[in-house]
Amino acid sequence: MHTIHVEGQTGRSTLMIGERLAHLKQYLPDGRTVIITDEVVAAHYRHLFPEADVITIGCGEVNKTLDTLAMIYDQLVRLEADRSTFIVGIGGGIVGDISGFAASTYMRGLRFAFVATSLLAQVDATVGGKNGVNFKGYKNMVGVFNQPEFVIADIELLKSLPPAQIACGLAEIVKHGCIADADYFAYIEEHTQAIAGLDHGVMLRLVRDSVAIKAAVVNQDEREAGERRKLNFGHTFGHAFEKTLGVSHGVAVSLGMVLAAELSRDKGLLAPDEVQRIKHLLTRLSLPTAADHDPSAVFNALKKDKKRSRDQIHVVLLKGLGRAVVQSMAVDDLQTWLAARST
Ligand SMILES: NC(=O)c1ccc[n+]([C@@H]2O[C@H](COP(=O)([O-])OP(=O)(O)OC[C@H]3O[C@@H](n4cnc5c(N)ncnc54)[C@H](O)[C@@H]3O)[C@@H](O)[C@H]2O)c1
């Protein structure tokens, strides 16, 4: 097991990589625990949960809403949960985001923790203290920064995760190599076959290194005033692909990273062979590097990006593999670049 800490304004989060869900009980405080999970995770793993009341939500982004939150509050009231109740979210990123928000707001805040069961939750969603729900079609529009007391990332649970969900986590793992660590990127390149087979040792190393990279960024800039923006590499374009093509988050981030790498190349920051390495790695991990798309639709979706300010947009670029830089770019220049790229 590897232990990594995130030091947030609301407290310290201890991330236990390689710890097992079956050992959760030993980390729980004395007193009452309520577990929040989703239907699929409950079907697979409820037999490993410690004795506790369980609130089960539906699966998918459509359930990451204020309505589901209200259902959780309702059940907490029914269960007579009080300020001493400890909440544990067991599931992927959706369970994490919504259970963290429910715990942070019910009776002005309960203590809480997560067991991350998807690869994306292990390397990304449960690290860094962002909790929240979608609102009227806007992703993560309502939420809080609040660190879970601990997170268990049980690598064994990945065996039941569908391949499309593994791909979502792998896109974030490649992102971490791109923005922060060229040696890590090379390690991923060298182990694509072991990754395809979900080799325990290799997956443990990936989760550990990715968590260490994200935790280091969050420790510098928890509230995303500067450094944390680098974690959005591939995501500004990615969110636009997600909206216009209706593809999954992992597919969209993969396409978005290719675009951001090409933009970095065209700005003279990244060598052409480094762009090729990124594309080649994504392909070997079964992630797409190109998709038929209408550049004007992608541009229109980009203009709605909530991180845009007036006529400028923050783009995360690579200044060589393993080093991200955030640049402000005129929205018009980005439109021209996107249009020229597709001709
Ligand atoms: N808070 C953050 O910093 C942050 C960062 C990145 C993403 N997110 C959020 O995370 C969410 C996506 O997370 P996700 O990709 O984990 O999606 P998810 O929570 O929907 O999980 C994906 C699917 O896999 C199932 N699943 C989870 N673990 C499983 C397992 N071990 N075996 C079998 N099935 C399993 C789930 O039931 C679900 O159906 C998005 O809502 C996104 O906004 C949050």
Side-chain angles (χ1 to χ4, degrees), residues 6 8 13 15 20-22 36-49 56-65 68-69 89-101 103-104 112 114-135 137-148 151-173 175-176 198 203 207 210-211 214-215 217-218 221-224 228-229 231-235 238-239 242-243 247-253 306:
V6 168
S13 189
L15 307 156
R20 308 298 312 274
L21 166 58
I36 300 175
T37 189
D38 74 25
E39 289 160 352
V40 169
V41 173
H44 280 286
Y45 296 113
R46 187 146 178 183
H47 63 287
L48 295 177
F49 290 7
T56 307
I57 66 170
C59 290
E61 208 59 45
V62 287
N63 288 298
K64 200 172 130 180
T65 59
T68 305
L69 193 67
I90 304 181
I94 290 179
V95 165
D97 281 7
I98 201 161
S99 62
F101 190 42
S104 301
F112 70 105
F114 299 134
V115 178
T117 64
S118 73
L119 186 58
L120 184 102
Q122 295 185 355
V123 299
D124 191 359
T126 59
V127 185
K130 284 185 179 177
N131 311 280
V133 295
N134 305 328
F135 182 66
Y138 290 96
K139 283 257 304 172
N140 305 321
M141 200 50 138
V142 183
V144 291
F145 285 95
N146 197 11
Q147 298 295 339
V151 180
I152 288 176
D154 182 344
I155 308 298
E156 286 298 311
L157 306 183
L158 300 177
K159 288 187 178 147
S160 54
L161 199 62
Q165 302 297 339
I166 294 284
C168 280
L170 290 176
E172 301 297 338
I173 285 170
K175 178 193 80 178
H176 289 139
L198 294 182
M203 295 312 292
V207 176
S210 271
V211 169
K214 183 161 183 189
V217 171
V218 172
D221 174 26
E222 187 189 21
R223 307 258 158 170
E224 202 167 325
R228 191 165 179 166
R229 286 194 183 133
L231 294 169
N232 290 327
F233 175 66
H235 283 60
H239 289 148
E242 215 170 336
K243 274 198 189 131
V247 292
S248 75
H249 185 70
V251 164
V253 168
K306 64 180 186 240

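Remember, it's 1-based here, ligands and their atoms both numbered in the order they're listed. The shown structure was predicted, so the numbers you read here are calculated from the model rather than taken from an experiment. In what follows, every heavy atom counts, from backbone to side chain, and hydrogens, waters and symmetry copies are set aside.
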Please answer whether the main-chain N or O of Pro148 pairs with a side-chain N or O of Ser13 as donor and acceptor at a distance below 3.5 Å.
->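 Indeed, once roles are kept as given, a pair shorter than 3.5 Å links the two residues.
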Identify, with sequence neighbours excluded, every residue that meets salt bridge (charged side-chain N to carboxylate O under 4.0 Å, His left out) alongside Arg46.
->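 Scan of Arg46 (salt bridge (charged side-chain N to carboxylate O under 4.0 Å, His left out), adjacent residues dropped) gives none.
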Name all residues meeting the salt bridge (charged side-chain N to carboxylate O under 4.0 Å, His left out) criterion together with Lys64; count only those two or more places apart in sequence or in a different chain, and write none if there are none.
->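 Only Glu61, Asp97 meet the salt bridge (charged side-chain N to carboxylate O under 4.0 Å, His left out) criterion with Lys64.
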Nearest-0.5 Å distance, CZ of residue Phe49 to OG1 of residue Thr37 |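 Phe49 CZ to Thr37 OG1: 4.0 Å, rounded to 0.5 Å.
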Check whether the side chains of Glu242 and His235 place a donor and an acceptor atom closer than 3.5 Å, and report yes or no.
->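 Their side chains do not contain a donor-acceptor pair, so the 3.5 Å distance test is not met.
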Quick one: list whatever passes side chain to side chain donor-acceptor pair (under 3.5 Å) with Glu39, sequence neighbours left out.
->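 Glu39 satisfies side chain to side chain donor-acceptor pair (under 3.5 Å) with no other residue.
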Could you pull out every protein residue that has a heavy atom closer than 4.0 Å to ligand 1, ordered by chain and then number?
->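 Protein residues near ligand 1 are Asp38, Val40, Val41, His44, Tyr45, Cys59, Glu61, Lys64, Gly92, Gly93, Ile94, Asp97, Thr117, Ser118, Leu120, Asp124, Ala125, Lys130, Lys139, Asn140, Leu157, Ser160, Leu161, Gln165, Lys214.
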